[in-house]
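Quick caveat: nothing in here was measured; it's all calculated off a predicted structure. For ligands, and for the atoms within them, numbers begin at 1 and follow the listed sequence.
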Amino acid sequence: MGIFDRLKGKKPQATGKNMPVPRHIAVIMDGNGRWAKKRGLPRKAGHKVGAETFRTIATYCKDIGVQYFTVYAFSTENWKRPQDEVDALMNLFRTYLREAAETMVARGVAVRVLGDLSVLPEDIRRQIDEVHALADTLGENAATASLCINYGGRDEIKNAVRALAKQVQDGTLKPEDITEDSISQNLYTAHMPDPDLIIRPSGEIRTSNFLLWQSAYSEYYFTDVLWPDFSTQDMDAAIADFNRRSRRFGGV
Ligand code: IPE
Ligand code: IPE
Ligand code: MG
């Protein structure tokens with residue numbers, strides 16, 4: 001911003017680089033299909049550009065000091081889509097995951113994958129193991145970008161309940177010792193704080209089964225921008241909006 005703007009009393013626009021940032025930001029990466037349709041392209045072209053947006057925004061979040069960045073990439077319900085779209089998404093994970101993780105780890109971002117990975121094709125699971133091994137080289141304190149794949153909030157809670165029920169059955173846990181914390185500790189996100197800010201682009205105003213337990217006190221931010229078009233300026237706008245919220249957590 002130039003000297004004349006400053007003399008006119010204009011405030012410099014806040015960017016992620018000069019304002020406080022949330023510790024954990026999550027994004028429902030939505031709108032890839034509509035982005036492609038608008039351009040007369042196949043839906044998978046939107047997913048490809050959306051994947052690049054993930055890399056750009058995750059790296060930007062690390063650069064401005066966000067410790068955890070978590071995105072919804074494929075839900076437990078997305079298997080319902082036509083087989084060719086599911087195949088295109090699996091192929092995208094196949095060609096993109098390891099390569100993206102390598103470039104992001106080189107920039108100091110540990111990439112991790114969350115969800116029920118047991119039903120993913122074997123070669124993708126192997127790649128995910130490699131991605132996690134790469135993330136481990138950065139140590140525990142590195143900024144983390146988590147991709148939720150075959151993730152469903154209800155499925156995650158069901159799995160946590162099952163794990164706790166098994167401990168009760170084995171006699172290692174008493175029902176009265178089940179706490180909110182022990183449930184949290186059995187979710188995929190056990191190692192991270194709850195998201196402070198959840199962003200949903202593309203104009204839809206719903207959670208679509210994302211981070212149901214963890215979002216109890218998250219701030220939501222909705223925007224009409226389609227995910228492939230989502231820019232660092234859009235992230236700055238979401239963070240600036242978050243910074244204007246008054247979080248009370250039930251207090252006064
Ligand atoms: C989000 O984009 C990506 C996935 C759900 C895999 P969509 O594919 O849902 O895009 P729209 O909502 O149809 O535009
Ligand atoms: C949510 O988007 C899932 C992901 C972004 C991965 P959807 O496009 O699947 O959600 P709905 O169907 O509009 O609720
Ligand atoms: Mg969608």
Test log, rule salt bridge (Lys or Arg N to Asp or Glu O under 4.0 Å), inputs Arg244 and Asp241: CA-CA 5 Å; Arg244 289 192 290 271; Asp241 195 85; 3.4 Å; yes
Test Ile199 against Phe230 for side chain to side chain contact (heavy atoms under 4.5 Å, CB included), laying out the working first. CA-CA 11 Å; Ile199 299 170; Phe230 196 91; 4.1 Å; yes
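Taking the six-membered ring where tryptophan is involved, the planes of Tyr217 and Phe249 are tilted, since the angle between them lies from 30° to 60°. A tilted orientation is assigned to the rings of His24 and Tyr68, their planes being inclined by 30° to 60°.
The shortest N or O to N or O distance between Ser208 and ligand 2 is under 3.5 Å. When only interatomic distances are considered, the shortest N/O to N/O separation between Asp30 and ligand 1 falls below 3.5 Å. Note: no N/O pair closer than 3.5 Å links Glu204 and ligand 2 by distance alone.
Not a single heavy atom of Ser202 lies less than 4.0 angstrom from ligand 1. Residue contact check for ligand 1: His47 places a non-hydrogen atom closer than 4.0 Å to it. Under the 4.0 angstrom criterion for non-hydrogen atoms, Gly46 is not in contact with ligand 1.
In Cys148, neither the side chain nor the backbone holds a heavy atom less than 4.0 Å from any atom of ligand 2. The proximity of Arg81 to ligand 2, defined as any non-hydrogen pair under 4.0 Å, is limited to the side chain. Looking at Ala73 against ligand 1, only its backbone comes within 4.0 Å, counting heavy atoms. Only the side chain of Asn78 comes within 4.0 Å of ligand 1, judged by heavy-atom distances.
Using a 4.5 Å heavy-atom cutoff, the side chains of Asn150 and Val119 are in contact. In this structure, Asn78 and Tyr151 have side chains that are not in contact, with every pair of non-hydrogen atoms separated by 4.5 Å or more. The shortest distance between side-chain heavy atoms of Asn32 and Val49 does not fall below 4.5 Å. Looking only at side-chain heavy atoms (C-beta outward), Met104 and Lys62 stay at 4.5 Å or farther from each other.
Given atom 10 (O) of ligand 1, the protein heavy atom at minimum distance is Gly33 N, 2.9 Å. For atom 12 (O) of ligand 2, the nearest non-hydrogen atom of the protein is Arg206 NH2, 4.6 Å. For atom 5 (C) of ligand 2, the nearest protein heavy atom (residue, atom name, distance) is Met29 O, 3.4 Å. Ranking the protein heavy atoms by distance from atom 2 (O) of ligand 2 puts Arg200 NH2, 3.6 Å first.
Atom CD1 of Ile198 and atom CD of Gln214 lie 8.0 Å apart (nearest 0.5 Å).
Protein heavy atoms are found less than 4.0 angstrom from atom 8 (O) of ligand 2.
No hydrogens or angles considered: a donor-acceptor pair under 3.5 Å links the side chains of Ser246 and Arg248. Between the side chains of Asp87 and Gln83, at least one donor N or O lies within less than 3.5 Å of an accepting N or O.
Aromatic pair Phe242/Tyr221: ring centres not closer than 6.0 Å.
Interface of Phe74 with ligand 2, defined as ligand atoms under 4.0 Å from a residue heavy atom, comprises 6 (C). Set against the non-hydrogen atoms of Arg34, the atoms of ligand 1 under 4.0 Å away are 11 (P), 12 (O), 14 (O).
For Arg43 against Gly33, the heavy-atom pair with the smallest separation is NH1-CA, 3.5 Å.
Note that Arg81 lies outside the cation-pi zone of Trp79, set by a 6.0 Å cut-off to the ring centre and a 45° limit from the axis.
Residue-and-atom listing of protein N/O/S atoms under 2.8 Å from the Mg ion (ligand 3), sorted by chain and number: Asp30 OD1.
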